[in-house]
Amino acid sequence: MTYTHVIVEADGGSRGNPGPAAYGALVRDPATGEVIAQDGKTLGVATNNVAEYSGLIAGLELAAEYAPNASIEVRMDSKLVIEQMAGRWQIKHPDMKPLAVKARSLAPSGTKWTWVPRAQNSAADALANNALDGVPIPLKPEPVKPAVAKDERKKSMPGWSPETEPPTHLIFLRHGETPHTAEKRFSGSTGDNPGLSETGFAQAAAAAEYLARQGGVDAVVTSPMVRTRQTAETVATRLGLEAVVDEGWVECSFGDWDGYTFAEVQEKWPDQLNDWLESTTVTPPGGESFDTCARRARSARDGLLARYPGKTVVVVTHVTPIKLMVRSVLQAPMASIFRMELRPATITEVHWYADGLASLKSFNVVP
């Protein structure tokens, strides 16, 4: 099977620090929760940090073998390893530096580094402890569920085929209006970070009431931008929930174009704008391409599917990530995002099923 995105879960531990040490690592398909491959080995006498880095390296090696060319999200409960690999903390200990260099050489560009509580990393922790206890660890674990045959998959259609498990219901809510929205200015993740206008707050309140009438929301997740957080807080308060910030849902960065109107960009950067409109691989000056944004949004989506299987989640985000999600559901060309239009504070709903299929339930609905 070919995987486009996988999750690496890794851990390591030492009984004595330093003392007898081992690591555990696995590669998981976020769409189904299935463990694709796993490993756990003893390391002799080592520290906790060496064991944790060894687990990370083992997990990345498994991903390279069993899911080549897939994008990766690494999840570990080691704050030290995650922050160092993300480049936010310095690596000072000499024992860590060569391990970090090796891990970076194995991690593909765009790898997402996510710290998780220890309870959410129990599978990798169990592999490490089993290795220390001498419990044999099969490389390919028993599947979580029977695989869907290819011919059966072709016949299945979302909404028509019998459902064995409830789909994960993602409700994408674009933020309310800002001054930039009203003036149709580029407003990405760089430059100004405008908040909602008076109209925007009213739109967020209307969306909150709409969602409250629908009921059944289990979580609210938001991009970290001011406009999305203000919208999400309005919705979460009305639903009696707490908004959770997820960096993966941030808007695409338009770099030097942020704050300018389309006409102004066309005047100042005519050639770059034409190139950008012709290919989603092109990066605005100082920004990021739509293809890069798509990989980030896909990783964020896969994280939600893994954390909230069968649940209903409101995702407060921006124009570009929502368009990219719709494009992926419809399996349309990337250029299709230039043919979509989303109004402020509108709702787009998608059902993702356990077999990886998805269906678009609504698009650009004004509450």
Side-chain angles (χ1 to χ4, degrees), residues 3 6-30 32-68 70 72-86 88-108 111-145 302-303 306-307 309:
Y3 300 94
V6 295
I7 293 172
V8 169
E9 300 172 21
D11 200 6
S14 169
R15 294 176 180 174
N17 197 30
Y23 67 77
L26 59 92
V27 179
R28 191 184 299 277
D29 179 358
T32 64
E34 177 188 4
V35 175
I36 301 166
Q38 61 185 17
D39 192 17
K41 286 187 173 65
T42 56
L43 296 167
V45 175
T47 64
N48 281 329
N49 293 151
V50 168
E52 288 164 345
Y53 262 108
S54 299
L56 169 61
I57 291 168
L60 292 171
E61 289 175 337
L62 287 174
E65 180 177 357
Y66 287 89
I72 294 174
E73 178 184 3
V74 174
R75 297 179 184 173
M76 298 180 68
D77 60 63
S78 171
K79 189 75 170 175
L80 175 74
V81 174
I82 290 296
E83 294 298 319
Q84 287 180 341
M85 291 305 299
R88 292 185 287 267
W89 290 3
Q90 291 185 344
I91 304 173
K92 297 181 179 179
H93 198 287
D95 290 348
M96 301 297 104
K97 291 182 179 180
L99 295 172
V101 169
K102 184 172 183 179
R104 287 201 179 98
S105 71
L106 292 167
T111 295
K112 182 178 180 181
W113 305 96
T114 303
W115 175 84
V116 295
R118 187 172 184 81
Q120 295 181 23
N121 201 35
S122 58
D125 176 68
L127 289 171
N129 280 295
N130 285 344
L132 280 170
D133 295 336
V135 178
I137 298 171
L139 185 61
K140 292 284 288 181
E142 290 297 317
V144 176
K145 69 185 97 171
D302 291 343
R307 289 195 295 273

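Not measured: the values here are computed from a predicted model.
- Here CD of Glu9 is found 4.5 Å from CG of Leu26. Values are rounded to the nearest 0.5 Å.
- Between Pro18 and Ser14 the shortest heavy-atom distance is C-OG, 3.6 Å.
- Residues forming a side-chain contact (heavy atoms from CB on, under 4.5 Å) with Ala51 (at least two apart in sequence, or on another chain): Ala21, Leu43.
- By the 4.5 Å heavy-atom criterion applied to side chains, Asp77 and Gln120 are not counted as neighbours.
- A pairwise comparison of heavy atoms in Ala25 and Gly55 identifies CB-O, 3.3 Å as the closest pair.
- No side-chain heavy atom of Val8 sits under 4.5 Å from any side-chain heavy atom of Leu62.
- The residues Asp302 and Arg28 are annotated as not salt-bridged, no charged nitrogen and carboxylate oxygen being separated by less than 4.0 angstrom.
- Between Asp39 atom CG and Tyr23 atom OH the span is 4.0 Å, to the nearest 0.5 Å.
- Scored by the salt bridge (charged side-chain N to carboxylate O under 4.0 Å, His left out) test, Arg104 finds no partners at all (sequence neighbours excluded).
- Heavy-atom minimum distance, Leu127 versus Gly24: CB-CA, 3.7 Å.
- Side-chain contact between Asn49 and His93 is absent, with no heavy-atom pair separated by less than 4.5 Å.
- Distance check: Glu83 CD to Trp115 CH2 gives 10.5 Å after rounding to the nearest 0.5 Å.
- For the residue pair Ala103 and Leu60, the shortest heavy atom distance occurs at O-CD1, 3.4 Å.
- Between Met76 and Glu52 there is a side-chain heavy-atom pair separated by less than 4.5 Å.
- Between Arg118 and Asp11 the shortest side-chain heavy-atom distance falls below 4.5 Å.
- A distance-only check finds a donor-acceptor pair linking the side chain of Asn129 to the backbone of Asp125 [under 3.5 Å].
- If you take CD1 on Ile57 and CG on Leu99, they are separated by 4.5 Å, rounding to the nearest 0.5 Å.
- When each of Thr47, Ile91, Asn48 is tested with Tyr53 by the rule side-chain contact (heavy atoms from CB on, under 4.5 Å), just one qualifies, namely Ile91.
- Residues Asp29 and Tyr66 form no side-chain contact, since every pair of their non-hydrogen atoms from C-beta on lies 4.5 Å or further apart.
- Between Gly303 and Glu73 the shortest heavy-atom distance is CA-OE1, 4.1 Å.
- Here Ile72 contributes atom CD1 and Trp113 contributes atom CH2; the two are 8.0 Å apart, rounded to the nearest 0.5 Å.
- In this structure the side chain of Val50 reaches within 4.5 angstrom of the side chain of Met96, judged on heavy atoms.
- Gly13 approaches Leu132 most closely through the heavy-atom pair O-CD1, 4.4 Å.
- No donor-acceptor pair under 3.5 Å is formed between the side chain of Gln38 and the backbone N or O of Val27.
- Val74 has its side chain out of reach of Met85: every pair of non-hydrogen atoms, C-beta onward, lies at least 4.5 Å apart.
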